[in-house]
Amino acid sequence: MICYHCHQEVTEPGRFVVTVLGEARQMCCPGCQAVAEAIVANGLVDYYKFRTEPANKADPLADEALAKLSLYDEPELQEEFVANRGAEKQIQLSIDGISCSACAWLIEKKLNKIQGVRQISVNAAARRAVVTWQDEVLSLSDILRAIERLGYHAQPFKAEQQESAFKQTNFAYLKRMGLAGLLGMQVMMIAIPLYLDVFGNLDADTKWYLHWVSLILSTPVVLYSGAGFYSSAWRALRAGSMNMDVPITAAVWSLYVASVQATLSGQGEIYFESVCMFIFLLLIGRYLEHRSRFKAAQISANMAKYVPLTATLLDNDEPRNCLAKSVKVGQLLLVRPGETIPVDGKILSGQGYVDESMLTGEFEPVLKQSGMDVFGGTLNQSGALKIEVTRPLADALVSQILRLQDEALASKPAISQLTDRIASHFVAVVLLISALTYGYWHYVGSADAFWIMVSVLVATCPCALGLATPSALTCAMAKLNREGILLKRADLLEALNKVTTVAFDKTGTLTEGKFSMVRMVNLSQRADDEVLGLVAGIESHSEHPIARAFDDFSPAKVDEVSVQPGFGLTARSAGKEYKLGSASHIGGQLTDSVQGCNVFLGDEDGLIAAFELTDKVRSDAKAVLDALSPRALALISGDSQENVARIGTKLGIASQYAQCAPKQKLDVIQTMQAQGKKVMMVGDGINDSPVMAGADISLAVGGATDLARNAADIILINDKLIALPALFDMAKRTERKIIQNIGWALGYNVTVLPLAVAGYLTPWMGAIGMSLSSILVVANSVRLLRKAQAKVPQEAVA
């Protein structure tokens, strides 16, 4: 049995099979299989009908390469970089070979057609992709192989690899630029005197000799310095698409081939100096653009450097070093002064100041004591800490942040989708206009028809348009991440500008969430300590801030605890059922003696005790709310009418909704939405999760429960509301930058097109204009990284 592709012996029949021309064909190796599949997939199957000899055997390294890709399917290897989403998995990939947004569009288009791929988003600026897939349908190696077949190289993202890839690309640009600049200058030294007739009347042989010298000097520039443009264009064309490098490649090779032909025939004009200058200027533009985009992407990825590598494990109280990713929940760790806390945990003993600036943006160290939570990636500045692991490294807060900021670009704003479509189609328009331009000038007999066509190709390439939106979004997301604001979707920046109403939960959102007991009314014959112990035992099963008011009391033993979000808890103790929570949860009539109380304890016999708990308004709340004008404000709370009115009046919130269960909170939001309002819900508790899921945009403040964080679109890492006005300000600035970028990109192309068509531009002038337009777009977006002017009074910041 021989291989259908290369006609060599098949040693493993049935292992490598491809359906070609309606029949299953045997292949000798994975390399031949991959090539044959690519031929069939791209509609080139006629090759097998009309070929006169067998194809060359595929690259013998393909076996090894495919084997390496299969290693990524191993569960042990995936633990490090794959996030599980139930039946789905998600990974962030670094992709080599991306040169513009059209490359990103091509990869997204092709992979979205693969069964099992649920979502893919490619960030051209960072050269990274986030892929979500169904593990039962598709393997990770299949995804990597699909990207490889498009001509790009993908591997799981790691910060150190990204840094290394940047340095390699940077060095490659410098080498190509250096060669183009050095040889281009030599070609210019020959061409300029010839144009200006400095040498006088040269004979034909001397000119022919100088033309050959120019050909020899410019050939390495074309073949080596410009190679990146051609490979990118070829990948796009092979996949049935067109990117920004297609017209660039067409312009370079048109100039070069025409010049070679003129040199060989001794007739016509040569353009070697224009080719070299064109490639040199393009490389300068791409190099500066590469550095600017990396700067923005690097800030967004800087969280990766906080992911710890090692930990000190206490094994029978004996410390030993281990990998942080191998630490399990419940194990004990020792964190010495000056060490990074490896994973999320709870302090069992010791105290010290911890630098949490990487999470909160606040550089004031936080005093951490026994019983308090600590987070992986933060720095222990003083005091030895003994901690119990509560979450493994893969689920630690720093790892969640990294995943969230990558997922944020998975859904693109409408304006981004529009510019992507325009950019991908504009290339075809550029090629058409260039062809029509050549046809017109050739028809009227102009000797410069070819020259003018090349100028149109060069000058109107829509690189700047492709960068307009992604560069601004990348910089905005990086700036927000640095300030402790995490967006789960990039399209939220666009949606934030449409918000007309901001609705707030009260407890833990506008208030500090630190309750203290003002009064206790004991209606039973039990001792106060016994009642308080029972309440403390039940509240120990609650995440609500109110529960923390009873932490100082010795908890009684309770079991069968169930939580009714927005109402309270039910539990059993000593065989008896108790209810703790709101008055409606307890049921029955309330006496005058418990007026003003907001937490009640009862059993089947009736009310046992009532408690009045108070909570302080955040010091920055009033100034922050004032800064949110002209948006309407609403207060939606499950607390009593009296407490809601007190807080609402103090903060100047006219729309107040009290004693709202989770369903009622959602009804309030839906009523607002039915009136045409765009509502943002700001909350922090379990009872806020339904309404946060139902709002147009939802935000979880610092200290929010895990359930609220999962339901929220935006998460504040720090515990200050001051980030809220900053968020709206950034959304407005981002929209402005995108409009400016698109306006500049379209304005440049509209202005330069008639000039190029009319023959007023040379190719090197067009190269300068195109490069400058791309650099200006990226530079304008990078301005988002600067610190904005404060829009909130300073007392709110203090």
Going through the distances and angles, do T390 and E388 end up as a side-chain hydrogen bond (donor to acceptor under 3.5 Å, both in side chains)?
-> CA-CA 6 Å; T390 55; E388 179 184 0; over 6 Å; no
Might you point out which heavy atoms bring L721 and V624 nearest each other, and give the distance in Å?
-> O-CG1, 3.5 Å
Quick one: are V374 and K346 in side-chain contact, heavy atoms under 4.5 Å?
-> no
Looking only at side chains, do Q90 and T132 share a donor and an acceptor under 3.5 Å apart?
-> yes
I would like to know whether E339 and R336 meet salt bridge (Lys or Arg N to Asp or Glu O under 4.0 Å); could you show each step before the answer?
-> CA-CA 6 Å; E339 291 184 343; R336 301 180 180 92; 3.5 Å; yes
Flag if over 12 foreign heavy atoms under 6.0 Å of OH, Y353 | no
Backbone N or O of K89 within a donor-acceptor pair of the W133 side chain at under 3.5 Å?
-> no
More than 12 heavy atoms of other groups within 6.0 Å of D552 CG | no
Is V558 close to Y578 at the side-chain level, that is, under 4.5 Å between some pair of heavy atoms?
-> no
Is a side-chain donor or acceptor of T509 paired with a backbone partner of F504 at a separation under 3.5 angstrom?
-> no
What pair of heavy atoms forms the shortest contact from N380 to V335, and how long is it?
-> ND2-O, 3.3 Å
Less than 4.0 Å between a side-chain N and a carboxylate O, is that true for D315 and R320?
-> yes
Backbone of A695 reached by a side-chain donor or acceptor of S698 within 3.5 Å | no
Charged N to carboxylate O below 4.0 Å: is that the case for D373 and K368?
-> no
For the student: nearest non-hydrogen atoms of A154 and E148, plus distance | N-OE2, 3.7 Å
Heavy-atom side-chain proximity of V354 to L379 below 4.5 angstrom | no
